[in-house]
Number of protein chains: 2
Amino acid sequence: MITVSIVEDDKDICQSLAMLINSTLQFKCTHTYNDCTSGIAGVIKDPPDVVLMDIGLPDMSGIEGIKKIKEKLPEMDIIVLTVHENDEYVFDALCAGACGYLVKDTPTARILDAIKDVADGGAPMSTQIARMVVHSFQKKTHTLLTQRETEVLQQLCTGKSYKMIADILFISEETVRRHLKSIYKKLEVHSKSEAVAKALKEKLV
Amino acid sequence: MITVSIVEDDKDICQSLAMLINSTLQFKCTHTYNDCTSGIAGVIKDPPDVVLMDIGLPDMSGIEGIKKIKEKLPEMDIIVLTVHENDEYVFDALCAGACGYLVKDTPTARILDAIKDVADGGAPMSTQIARMVVHSFQKKTHTLLTQRETEVLQQLCTGKSYKMIADILFISEETVRRHLKSIYKKLEVHSKSEAVAKALKEKLV
DNA sequence: TTTTAAATTACCCATTCGGGTTACTATCGA
DNA sequence: TCGATAGTAACCCGAATGGGTAATTTAAAA
């Protein structure tokens, strides 16, 4: 028997979900919470196997709620259920510790599947969400930098000094410096750390 | 009708997959390739809607194959089918441009679902793979750095200079320097760019 | 209450870095 | 053949960085 808690401010939706879950033999909705604060406290006090969590809550963002729950219970499985379909909340939620992300028009059967899925160690996501997640891994194709500049930037991203990069690429330190000047101009940055930050955040290397 | 090409060196598996696909009304296996080189050439010459690709190929890694195909056809949907279950190839494959990742013991029905899924803009993955992917977003919980050090490191990761960080955190440049020394020692690094690289790669901030 | 840890500021000094200018060579496409 | 681009190399100089040592205050923990 898998126990489920729901954090959702819309009481109709909350009740429907609870009924849906309780209509099964394998799942049981043990608690429902209508705001984030009580949801966090309740989940920590009486942990279920799985939490269904809304993002758009009145008192506090569900994202913050996820963080707070995961601080106390790092292993808790939390599925986000939201009306925000294809937005920036996806990555915020996953970074905060959500292990699934469903949009609210998900068919009820799929919601039950998702609960089963997380309990089995999966990470259920809506179709488009999954693609967004996978796309986020893919490197940008940039014709911006030349071949050699890209190599220098790669070395930079391991924290190397000019001298070390020069030794690795078998060129003089001055040439490294020259490439860096060009890289800085193209990336519109003014220091090594800024270049590294930009390269890693935008997956240029 | 969704067309599928298969790149797989084991001819038995390859034939089974082709037959499976051709047994449906919605999918058609138009080509099969038994090595990566001919697979790349064939897919580029005669692009299907979806490519099923093995990773462990004799002539070239499937990862390299994915890269080469995506260079020419950035929009191509490629699903990795592999015996390597829970390994580092997952992220390599996704970074290279795969949009799905299935292990080979996946039930045949699930393979057909996956083809449909990518054609619909999804990103089908085995249960454990999905969880690995989602986990990769989650920040490390590090008791290593103090609160203030973490704040300094966050600013560092935006490429700020000592002076800028000092102004933002309302402390002197010397204090920033002091925190940095401590951060460097704890992270075992010796420069801003190295610290930024480590922080971003290991999701410390 | 005492001790510890965290946060703060200061000074010194050698090294590294960022930006400016100049120049040679090779390659590729017009 | 000529110009553009990429890669290589050098010099100058002020600013930024890293490493070492020392000291004060405050908050938390023992």
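Numbered from 1 within each chain, the chains take letters A, B, ... in sequence-line order.
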Enquirer: Does a nitrogen or oxygen in the side chain of B/Tyr162 sit under 4.0 Å from OP1 or OP2 of D/dA15?
Expert: no

Enquirer: Nearest whole angstrom, please: distance from the P of C/dT9 to the CZ of B/Arg148.
Expert: 9 Å

Enquirer: Within this structure, what is the NZ-to-P distance between A/Lys185 and D/dT5, rounded to whole angstrom?
Expert: 14 Å

Enquirer: Expressed as a whole number of angstroms, how long is the span from A/Leu144:CG to D/dA6:P?
Expert: 11 Å

Enquirer: Could you check whether B/Asp10 pairs with B/Lys104 (Lys NZ or Arg NE/NH1/NH2 to Asp/Glu carboxylate O, under 4.0 Å)?
Expert: no

Enquirer: Does a side-chain N-to-carboxylate-O contact under 4.0 Å join B/Lys68 and B/Glu71?
Expert: no

Enquirer: Could you verify whether a donor N or O on one side chain and an acceptor N or O on the other, from B/Gln147 and B/Glu151, lie under 3.5 Å apart?
Expert: yes

Enquirer: Looking at DNA chain D, which of residues 163-184 of chain A put a heavy atom within less than 4.0 Å of it?
Expert: A/Ile171, A/Ser172, A/Glu174, A/Thr175, A/Arg178, A/His179

Enquirer: Does the side chain of B/Thr146 get closer than 4.0 angstrom to OP1 or OP2 of C/dA5 through an N or O atom?
Expert: no

Enquirer: Consider the side chain of A/Gln147, meaning its heavy atoms from C-beta on, and name the nucleotide among D/dG7, C/dG19, D/dT17 that approaches it most closely.
Expert: D/dG7

Enquirer: What is the distance, to the nearest angstrom, from the CD atom on A/Glu194 to the P atom on D/dT17?
Expert: 11 Å

Enquirer: Could you check how far NZ of A/Lys192 sits from C1' of C/dG19, rounded to whole Å?
Expert: 16 Å

Enquirer: Restricting to ring-ring contact (aromatic ring centres under 6.0 Å, His included), what partner residues turn up for B/Phe27, sequence neighbours left out?
Expert: none

Enquirer: Check whether the side chains of A/Thr158 and A/Lys160 place a donor and an acceptor atom closer than 3.5 Å, and report yes or no.
Expert: yes

Enquirer: From NZ of A/Lys160 over to P of C/dT15, roughly how many Å is that when rounded to an integer?
Expert: 22 Å

Enquirer: Taking 4.0 Å as the cut-off, does a side-chain nitrogen or oxygen of B/Ser161 come that near to OP1 or OP2 on D/dA15?
Expert: no

Enquirer: Ignoring hydrogens and geometry, is there a side-chain-to-backbone donor-acceptor pair from B/Ser191 to B/Glu194 under 3.5 Å?
Expert: yes

Enquirer: Which comes earlier along DNA chain D counting from the 5' end, the contact point of A/Glu149 or that of B/Val189, where each point is its nearest nucleotide?
Expert: A/Glu149

Enquirer: If only atom types and distance count, is the side chain of A/Lys198 paired as donor or acceptor with the main-chain N or O of A/Val189 below 3.5 Å?
Expert: no

